[in-house]
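Right, one structure below, let's go through it.
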Amino acid sequence: GNSVTQMEGPVTLSEEAFLTINCTYTATGYPSLFWYVQYPGEGLQLLLKATKADDKGSNKGFEATYRKETTSFHLEKGSVQVSDSAVYFCALGATGGGNKLTFGTGTQLKVEL
Amino acid sequence: EAQVTQNPRYLITVTGKKLTVTCSQNMNHEYMSWYRQDPGLGLRQIYYSMNVEVTDKGDVPEGYKVSRKEKRNFPLILESPSPNQTSLYFCASSRRGAGELFFGEGSRLTVL
């Protein structure tokens with residue numbers, strides 16, 4: 001079945017550091033890929049998505065590229081801020097469309113001054 | 001404002017006492033789903049609904065029930081809660097086939 005593997009956290013960075021959170025997936029077909037962010041005490045919000053191979057999703061300075069050859073969707077940001085401290089979830093859409101998302105275990109990011 | 005609303009946000013109860021967590025969305029979405037979030041396990045789907053009167057099991061349905069009598073509402077029912085159902089619960093909705101889910105703020109349930 002479909003599955004998502006994310007790097008374990010917590011990840012602690014200084015402000016303005018470069019961020020990479022690794023995400024790899026296993027799926028049949030070519031599902032859409034998502035990154036969600038969960039700020040403390042809140043629900044998950046969509047951060048970015050990509051629907052086909054080589055697509056790059058981007059939002060709020062974050063980027064991720066759908067790499068079919070390595071089955072990866074790594075999240076990157078060039079310069080993190082304290083306000084980026086949150087839990088980040090990689091998610092895999094249902095193959096062939098549909099609504100179910102399969103989530104990774106989440107990676108907590110802490111950004112310090 | 002487009003939103004998914006869950007209630008209660010926090011609840012402490014005892015083993016065996018039936019409870020219902022309500023979920024309502026105002027986006028006219030066909031699809032609704034419940035997830036539970038546990039440390040180290042991420043989010044796991046409990047039940048989902050593709051439309052009114054259409055519900056199906058997700059990955060961890062044991063101990064839960066749902067109903068979908070109206071398009072906007074999708075309550076989660078725990079008939080006889082047990083301590084292993086202590087968790088953070090999220091309701092989510094989306095348009096059919098859209099992929100992107102909109103989440104509520106979560107309901108933290110503790111079963112003693």
Side-chain angles (χ1 to χ4, degrees), chain A residues 1-10 21-27 29-52 55 57 59 64 66 73 86-108, chain B residues 1-10 21 23-25 27 29-51 54-61 68 74 87-108:
Chain A
N2 293 353
S3 66
V4 177
T5 302
Q6 300 183 222
M7 63 186 288
E8 291 193 16
I21 299 178
N22 291 337
C23 171
T24 57
Y25 67 90
T26 302
Y30 304 105
S32 295
L33 298 171
F34 305 83
W35 277 101
Y36 278 80
V37 58
Q38 183 181 30
Y39 298 104
E42 298 183 11
L44 282 73
Q45 305 173 24
L46 179 66
L47 180 60
L48 55 84
K49 67 179 181 182
T51 58
K52 61 183 187 295
D55 265 3
N59 186 24
Y66 190 160
F73 193 54
V87 180
Y88 293 82
F89 290 91
C90 185
L92 182 67
T95 332
N99 292 84
K100 180 181 179 181
L101 296 186
T102 300
F103 287 87
T105 53
T107 302
Q108 183 172 11
Chain B
E1 179 188 355
Q3 58 186 3
V4 178
T5 304
Q6 299 178 223
N7 281 293
R9 294 287 312 281
Y10 302 91
V21 186
C23 174
S24 181
Q25 51 93 5
M27 294 169 280
H29 286 164
E30 295 88 3
Y31 180 88
M32 297 185 76
S33 180
W34 278 101
Y35 285 84
R36 60 178 289 175
Q37 182 181 10
D38 301 290
L41 297 175
L43 278 81
R44 295 177 292 168
Q45 190 182 52
I46 303 170
Y47 267 94
Y48 66 95
S49 170
M50 297 298 293
N51 214 327
V54 180
T55 63
D56 210 343
K57 296 177 180 179
D59 299 317
V60 288
R68 188 90 182 272
F74 190 46
S87 187
L88 179 58
Y89 291 87
F90 287 101
C91 182
S93 72
S94 72
R95 290 182 292 108
R96 187 197 301 273
E100 174 186 349
L101 289 176
F102 292 83
F103 282 84
E105 292 186 313
S107 297
R108 184 167 293 282

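All chains are named by letter (A, B, ...) in the order of the sequence lines, taking the proteins before the strands, and each is independently numbered beginning at 1. The analysis underlying the following values was restricted to heavy atoms, covering all of them including side chains, and did not include hydrogens, waters or symmetry mates.
Interface residue B/Phe90: only side-chain heavy atoms are found under 4.5 Å from chain A. Residue B/Gln37 touches chain A through its side chain alone, counting heavy-atom pairs closer than 4.5 Å. Interface remark: A/Gln45 contributes no atoms to any contact with chain B (heavy atom separation under 4.5 Å). For B/Arg108, no part lies under 4.5 angstrom from a heavy atom of chain A. Both the backbone and the side chain of B/Glu100 come within contact range of chain A, with heavy atoms under 4.5 Å apart. Using a 4.5 Å cut-off between heavy atoms, A/Leu46 contacts chain B through its side chain alone, with no backbone atom that close.
Under the 3.5 Å distance criterion, the side-chain polar atoms of B/Gln25 are left unmatched by any main-chain donor or acceptor of B/Ser93.
The side-chain heavy atoms of B/Leu101 and A/Phe34, taken from C-beta on, include no pair separated by under 4.5 Å. Looking at heavy atoms from C-beta onward, B/Gln6 lies in side-chain contact with B/Trp34 at the 4.5 angstrom threshold. By the 4.5 Å heavy-atom criterion applied to side chains, B/Ser87 and B/Tyr89 are counted as neighbours.
Residue B/Ser107 comes nearest to B/Pro8 through the heavy atom pair OG-O, 2.7 Å, listed as atom of the first residue, atom of the second, then distance.
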